[in-house]
Amino acid sequence: MRTMLAPRNADATGCWCLSYRLPGPEHTPLSGAERAARLERLCGGAPAPGLLAYEEDDVVGWVGLAPRHTLAGHPRVVMHRALS
């Protein structure tokens, strides 16, 4: 996950793709190290926060995934009807 989501500056207070998972008041004040630790905890849980794409042994892509109920009410998430 660090390969795809870590900012170039380890102290940066952005990135790590947590903005869709945490409400603003919880997300905004996190330091770079706190963001990394928070994502690490998410990765250790179930379900995993996303999927990594590999080309041989190299990570080349990432997509975030989450059950709808964990993102419900987040102002940046647009819910679409389920496909049948």
Side-chain angles (χ1 to χ4, degrees):
M1 294 296 289
R2 286 181 184 276
T3 300
M4 295 306 300
L5 302 178
R8 291 178 196 255
N9 175 356
D11 294 327
T13 58
C15 209
W16 295 101
C17 279
L18 293 172
S19 62
Y20 290 99
R21 302 203 181 260
L22 304 175
E26 188 176 343
H27 173 264
T28 304
L30 294 176
S31 70
E34 291 168 327
R35 289 171 188 277
R38 187 65 181 259
L39 182 61
E40 188 172 336
R41 284 196 305 275
L42 284 171
C43 289
L51 299 171
L52 292 171
Y54 287 86
E55 184 174 332
E56 297 185 17
D57 292 332
D58 298 322
V59 177
V60 296
W62 176 81
V63 63
L65 300 169
R68 285 178 179 223
H69 72 274
T70 66
L71 303 175
H74 194 288
R76 294 186 184 176
V77 176
V78 176
M79 297 293 181
H80 295 282
R81 66 176 178 77
L83 299 174
S84 51

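Side chains included, hydrogens not; waters and symmetry mates left out as well; all remaining heavy atoms used. Residue numbers start at 1 and run along the sequence shown.
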Could you pull out every donor-acceptor pair under 3.5 Å between side chains of residues 34-49 and any protein atom, sequence neighbours left out?
unit_1: Glu34; atom_1: OE1; unit_2: Ser31; atom_2: N; d: 2.6
unit_1: Glu34; atom_1: OE1; unit_2: Ser31; atom_2: OG; d: 3.2
unit_1: Arg35; atom_1: NE; unit_2: Thr13; atom_2: O; d: 2.7
unit_1: Arg35; atom_1: NE; unit_2: Leu30; atom_2: O; d: 3.2
unit_1: Arg35; atom_1: NH1; unit_2: His27; atom_2: NE2; d: 2.9
unit_1: Arg35; atom_1: NH2; unit_2: Thr13; atom_2: O; d: 2.5
unit_1: Arg35; atom_1: NH2; unit_2: His27; atom_2: O; d: 3.1
unit_1: Arg38; atom_1: NH1; unit_2: Glu26; atom_2: OE2; d: 2.7
unit_1: Arg38; atom_1: NH2; unit_2: Glu26; atom_2: OE2; d: 2.7

Q) Under a single-linkage definition using a 4.5 Å side-chain heavy-atom cutoff for Ile, Leu, Val, Met, Phe, Trp and Tyr, are Leu5 and Tyr54 assigned to the same hydrophobic cluster? A)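 Yes, Leu5 connects to Tyr54 through the hydrophobic network.
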**Q.** Cys17 SG to Met1 CE distance, which is reported to the nearest 0.5 Å
**A.**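 That separation rounds to 7.5 Å.
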Q | Atom pair CH2/CZ of Trp16 and Arg2 - distance to nearest 0.5 Å | A |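 Between atom CH2 of Trp16 and atom CZ of Arg2 there are 4.0 Å.
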Q) Mind checking who shares a hydrophobic cluster with Val60, ILVMFWY linked at side-chain heavy-atom distances under 4.5 Å? A)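 When side chains under 4.5 Å apart are linked, Val60 ends up in no cluster with other residues.
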Q) Going by the salt bridge (Lys or Arg N to Asp or Glu O under 4.0 Å) test, which pairs reach into residues 45-60, not counting sequence neighbours? A)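 Listed once each, the pairs would be none.
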